[in-house]
Amino acid sequence: MRRARTIDWVPHAVLLIGIAIIAFPVYVTVVASTLTTPEIVYGPMSLLPGPHGPENYVQALSEGNAKTSGVGVGRMLLNTLVVALAIAVGKIAISIISAYAVVFFNFPGRMAFFWLIFLTLMLPVEVRIVPTYAVVAGLGLVDTYAGLAVPLIASATATLLFRQFFLTIPDEMVEAAKVDGAGPMRFFKDVVLPLSRTNIAALFVILFIYGWNQYLWPLLVTNDAEMTTIVIGIRRMLGNGDAQTEWSIVMATTVLALLPPVAIVILMQRWFVKGLVETEK
Amino acid sequence: MRRRVVFKQKLLPYLLLAPQVAITLVFFYWPAAQAVWYSTRREDPFGLRSQFVGLENFITVLEDPSYINSLTTTAIFSLAVAVLAIVPALLLAVMADRVVRAATVYKTILLSPYAVAPAIAGVLWLFLFAPGIGVVAYVLQFLGIDWNFVLRGEQAMLLVIIASAWKQISYNFLFFLAGLQSIPKSLIEAAAIDGAGEGRRFWDVVFPLLSPTTFFLLVVNVVYAFFDTFGIIHAVTQGGPAKATEILVYKVWYDGVMALDLGGSSAQSVILMGIVIALTAIQFRYVERKVHY
């Protein structure tokens, strides 16, 4: 196999070049978060880390910059974490019970409800911006965690995924449960929920990232700087993105904003891949 | 499809469905219906009352040169994003499929951009290309290229395309890799025995087998470019300069939220709904075919 040996380096070389290009913007951002703003703005910035990382991160976390009205990134991270968890948990919870209802019961309107949920796929927030805002404002949910999370927790994809999975649970298990005198809630808690563990984990990873990265919706329903999520916060801190921008703080904030979801993808890669592939079915 | 054995409770299933149904009705169907309603009405200048105007808002929107401009911009943008996100992803997936050593490390790094928020991806690339500040902007200036995306529309477009494609490469890479790994090795070996070289084996055997995946990804990438790149546009260019990067979703938001044009924005929303429905229908038709494949 002499030939195979001689071309063996080609894939590695291509992959390394590809990775270098893909990782480059993140690398430069991490480096910039360890420099001072003048070092970034005047003259080509260094491509090697400087010593100012700790102070930049401390300033970002505690007070943000001039454009965040004294609200630190720590607060924004907390807001984002609350919203992302609420969205992920909420979507999974309401989807798993609606899929359970559609699959394990027979009742009038079963398919109508299924389609009602399914068709929300065709109504992303982007096509109903103003009226959805009006509903949330009417309910007094502007600048609240509920307003940030609840309108996003309906999920056709998660419901479809659970439905698909529930259809593979053998009838014998339901029969056995009935013989043992277990009711539907008991069956759900003791059989369905444990069997769904891997699906829940996979969905959680995907939905947490989805919730963490929301942009248009938080932009609409938050005015109060205290309720800003971190992605919106960065937009505010950025200003015009020119020499007036406090780049070192913005870059430290950017690193803080992308770290949690990226860490989840890296640490929970198996679930992430499963979730991404399954939710596309 | 239904199960043979089910539970008999009558009220319980409705209770289980209630939370999801309530949310979809209040936050999805009701606002969508309102968008349709407002798209057929015009408000007086004080916003006090409105009257039915039929399709007038739609005609105004479709005759508006700035809407046509936004439509063209969106078409160019989404096609460019799809191509720029699919081609490198395919190349990287083909390479990753061949390596054994360090495969997991490569995969992990290549999947990471998926987790980065669109707006953050925008900021990362904005920082590289910021005129007079960014590392890449310096290199371009040094090479004699007059780089200033803040003033030049085509450069701004290029920047948001790169930032959008960068994020989507992960997704395409994953699906291409899965597609490649599901191709039976015996097929490729058979082609090799028949004397097909590396290139022939790829174009005559592997690529045709990947074409369903490619088509599927094309649709997904176009949907992504249409609807999920608002954050990139908003963070990097705000639709400018001179509306050069004003994609449809950005325009709906701008006209509705910033310019407070309820009728026009609603008409645009309804047109976008039509586009989503068409794209989703294509996607589902395809997925069904994949099941029988």
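First the proteins, then the strands, lettered A, B, ... as listed; each starts at 1. Values in this document were obtained by computation on a predicted structure and should not be read as measured data.
- Looking at B/L248, neither its backbone nor its side chain comes within 4.5 Å of chain A, counting heavy atoms on both sides.
- Heavy-atom distances place both the backbone and the side chain of B/Y106 under 4.5 Å from chain A.
- Interface residue B/L25: only side-chain heavy atoms are found under 4.5 Å from chain A.
- At a 4.5 Å heavy-atom cutoff, B/W37 makes no contact with chain A through either its backbone or its side chain.
- Looking at A/W212, neither its backbone nor its side chain comes within 4.5 Å of chain B, counting heavy atoms on both sides.
- Contact annotation for B/Y14: only side-chain heavy atoms (C-beta onward) come within less than 4.5 Å of a heavy atom of chain A.
- Contacts between B/S265 and chain A at a heavy-atom distance below 4.5 Å involve the side chain alone, from C-beta outward.
- Between the side chain of B/W166 and the backbone N or O of A/P25, no donor-acceptor pair lies under 3.5 Å.
- Looking at A/T245, neither its backbone nor its side chain comes within 4.5 Å of chain B, counting heavy atoms on both sides.
- We find the CD1-CD1 distance between A/I209 and A/I264 to be 6.5 Å, quoted to the nearest 0.5 Å.
- Proximity to chain A (any heavy atom under 4.5 Å) is restricted, for B/V135, to the side chain, taken from C-beta onward.
- With a threshold of 4.5 angstrom between heavy atoms, A/F187 approaches chain B through side-chain atoms but not through N, CA, C or O.
- Neither the backbone nor the side chain of B/I271 has a heavy atom closer than 4.5 Å to any heavy atom of chain A.
- When atom types are taken as modelled, the side chain of B/K167 and the backbone of B/V116 share a donor-acceptor pair closer than 3.5 angstrom.
- Looking at B/A130, the atoms closer than 4.5 Å to chain A (heavy atoms on both sides) all sit in the side chain, from C-beta outward.
- Both the backbone and the side chain of A/V150 come within less than 4.5 Å of a heavy atom of chain B.
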